[in-house]
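Heads up, the thing below is written out as structure tokens.
Proteins get letters first, then strands, A, B, ... in listed order; numbering begins at 1 in each.
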Amino acid sequence: MPELPEVETTCRGISPHITGKKIAKVTIRQKQLRWPIPDNLSETLCGLVVKQVTRRGKYLLLKTNKAHTVILHLGMSGNLRVVNSQLKPGKHDHVDFVFADGTILRFNDTRKFGAILCTSEPILQHKLISSLGPEPLTDQFTGNYLHQLSRNKKTTVKAFIMDAHNVVGVGNIYASESLFMAGILPTRHAGKISLKRYKKLVDSIKVILQQAIDQGGTTLKDFVNEQGKPGYFQQSLSVYDRFEQECIKCSSPIKQVKIAQRASYFCQFCQR
DNA sequence: ACTGGATCCTGACTGC
DNA sequence: TGCAGTCAGGATCCAG
């Protein structure tokens with residue numbers, strides 16, 4: 001499931017293969033994703049050159065030489081691969097961005113939770129992008145920021161840090177892992193956690209995400225691999241999906257609870 | 001204004 | 001073996 005490190009890895013992986021290249025056409029086999037893909041996408045993008053591939057939260061942005069920017073989201077099962085024109089599309093290969101030199105950027109998404117949109121307005125003003133919280137790995141994301149934002153919030157701290165309006169890129173797995181590292185129970189009310197503890201939580205989120213991105217660097221080659229699924233990380237997880245297994249710190253069994261319909265894992269002794 | 005729940009989708013897995 | 005049910009998950013939308 002793509003979380004921020006996976007999207008960052010995808011961004012770095014595809015960028016050198018499509019930056020500076022002219023779009024010849026866009027082939028859409030399945031337009032019914034999270035939102036329908038715009039009907040005129042191919043006509044709109046034909047002839048435009050990809051100037052820059054960037055990421056904002058879990059959105060990938062393909063900036064062109066005109067006003068238009070392609071907004072891509074991988075949902076939970078999506079992936080992008082760079083393939084050559086000989087490779088026939090397989091199951092769930094919903095969209096091909098075909099470049100003038102024959103390179104294809106192929107979007108595959110089993111569960112169709114992803115999205116492909118296009119906008120000509122300044123990208124930071126786009127509805128999906130403008131409401132996003134700060135990037136977790138920048139200096140704007142601090143303990144002070146989270147502490148202040150969380151005052152009077154009754155939601156759980158886990159739901160709070162997973163809300164992209166507060167901070168982007170913290171998905172279900174890394175939320176559990178970060179809270180474990182920071183020693184905070186996921187069920188705690190966000191508004192009642194001290195500044196000191198938020199500082200520790202922010203440090204933990206940065207460490208966990210940076211580790212995952214560092215590991216992702218080794219899988220970049222997979223994005224130009226015909227049979228390859230983009231390699232997701234073999235991240236070593238401390239609590240996630242370890243129900244009833246021993247806590248790595250205190251050996252007591254890991255607990256599981258549902259928060260906002262998401263499985264959450266924690267140690268009842270190491271987190272409070 | 002806030003918060004929690006339903007929702008989209010497919011495939012893997014479980015239980016009868 | 002097969003079928004029905006459950007779960008996973010990001011982010012939006014909706015209802016209370």
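Annotation for Lys199(A): atom NZ does not count as buried by contact number, only 12 or fewer foreign heavy atoms lying within 6.0 Å.
The interatomic distance linking Met76(A) (CE) with dG10(C) (C1') rounds to 9 Å, in whole Å. One can place CG of Asp109(A) at 10 Å from P of dT10(B), the figure rounded to the nearest angstrom. Atom NE2 in His189(A) sits roughly 14 Å away from atom C1' in dC2(B) (whole-Å rounding). Distance CG (Asn79(A)) to P (dT10(B)): 16 Å, rounded to an integer number of Å. His94(A) has its NE2 atom 13 Å from the C1' atom of dC8(B), to the nearest Å. Atom-to-atom, CD1 of Ile129(A) to C1' of dA11(C) comes out at 12 Å; the value is rounded to the nearest Å. When the C1' atom of dC7(C) is taken as reference, atom CD1 of Ile259(A) falls 17 Å away, rounded to whole Å. Counting to the nearest Å, the P atom of dG10(C) and the CG atom of Leu72(A) are 18 Å from each other.
Between the side chains of Gln210(A) and Asp214(A), at least one donor N or O sits under 3.5 Å from an acceptor N or O. Between Lys158(A) and Ser264(A), the side chains place a donor N or O and an acceptor N or O closer than 3.5 Å (distance only, hydrogens not considered).
When all heavy atoms of Arg34(A) and Phe113(A) are compared, the pair lying nearest together is CB-O, 3.4 Å. For Phe97(A) against Val95(A), the heavy-atom pair with the smallest separation is CE1-CG1, 4.0 Å.
Relative to the side chain of Lys258(A), the nucleotides dA8(C), dA6(B), dT10(B) differ in distance, and dA8(C) lies closest. Residue Gln261(A) places its side chain closer to dT7(B) than to any other of dC9(B), dT12(C), dT7(B).
A salt bridge links Arg55(A) and Glu135(A); the closest N-O separation between the charged side-chain nitrogens and carboxylate oxygens is under 4.0 Å. Looking at Lys25(A) and Asp96(A), no side-chain N of the basic residue comes within less than 4.0 Å of a carboxylate O on the acidic one, giving no salt bridge. For the pair Lys255(A) and Glu244(A), the salt-bridge criterion is not met [side-chain N within less than 4.0 Å of a carboxylate O].
Annotation: proximity of residues 146-167 of chain A to DNA chain C (heavy atom, distance under 4.0 Å) is found for Met162(A), His165(A), numbered in ascending order. Residues of residues 28-39 of chain A that place a heavy atom closer than 4.0 Å to DNA chain C, in numerical order, are Arg34(A), Trp35(A).
One finds a side-chain N or O of Arg262(A) lying less than 4.0 angstrom from the OP1 or OP2 phosphate oxygen of dG10(C).
Grouping Ile, Leu, Val, Met, Phe, Trp and Tyr residues whose side-chain heavy atoms lie under 4.5 Å apart, directly or via other members, leaves Val49(A) alone, with no other cluster members. Grouped with Leu185(A) in one hydrophobic cluster are Val257(A), Ile259(A), Phe266(A), the linkage being side-chain heavy-atom contacts under 4.5 Å among Ile, Leu, Val, Met, Phe, Trp and Tyr residues.
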Could you walk me through whether Leu33(A) and His94(A) pass side-chain contact (heavy atoms from CB on, under 4.5 Å), step by step? CA-CA 9 Å; Leu33(A) 302 179; His94(A) 302 316; 3.8 Å; yes
Determine whether Asp101(A) and Thr103(A) satisfy the following criterion, side-chain hydrogen bond (donor to acceptor under 3.5 Å, both in side chains), listing intermediate values before the conclusion. CA-CA 6 Å; Asp101(A) 72 346; Thr103(A) 299; 2.9 Å; yes
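Side-chain contact between Pro38(A) and Asn40(A) is present, with heavy atoms from C-beta onward closer than 4.5 Å.
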Under-3.5 Å N/O pairs linking protein and nucleotides 11-13 of chain B:
residue, atom, partner, partner atom, Å
dG11(B), OP1, Lys91(A), NZ, 3.3
dG11(B), OP1, His92(A), NE2, 2.9

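In this structure, Gln30(A) contributes its side chain and Asp93(A) its backbone to no donor-acceptor pair below 3.5 Å.
Among the heavy atoms of the strands, none lies under 4.0 Å from Gly114(A).
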So what's the dot-bracket for DNA chain B: Watson-Crick or G-U pairs under 3.5 Å, [ ] if a pair crosses, | if it pairs off-strand? .|||||||||||||||
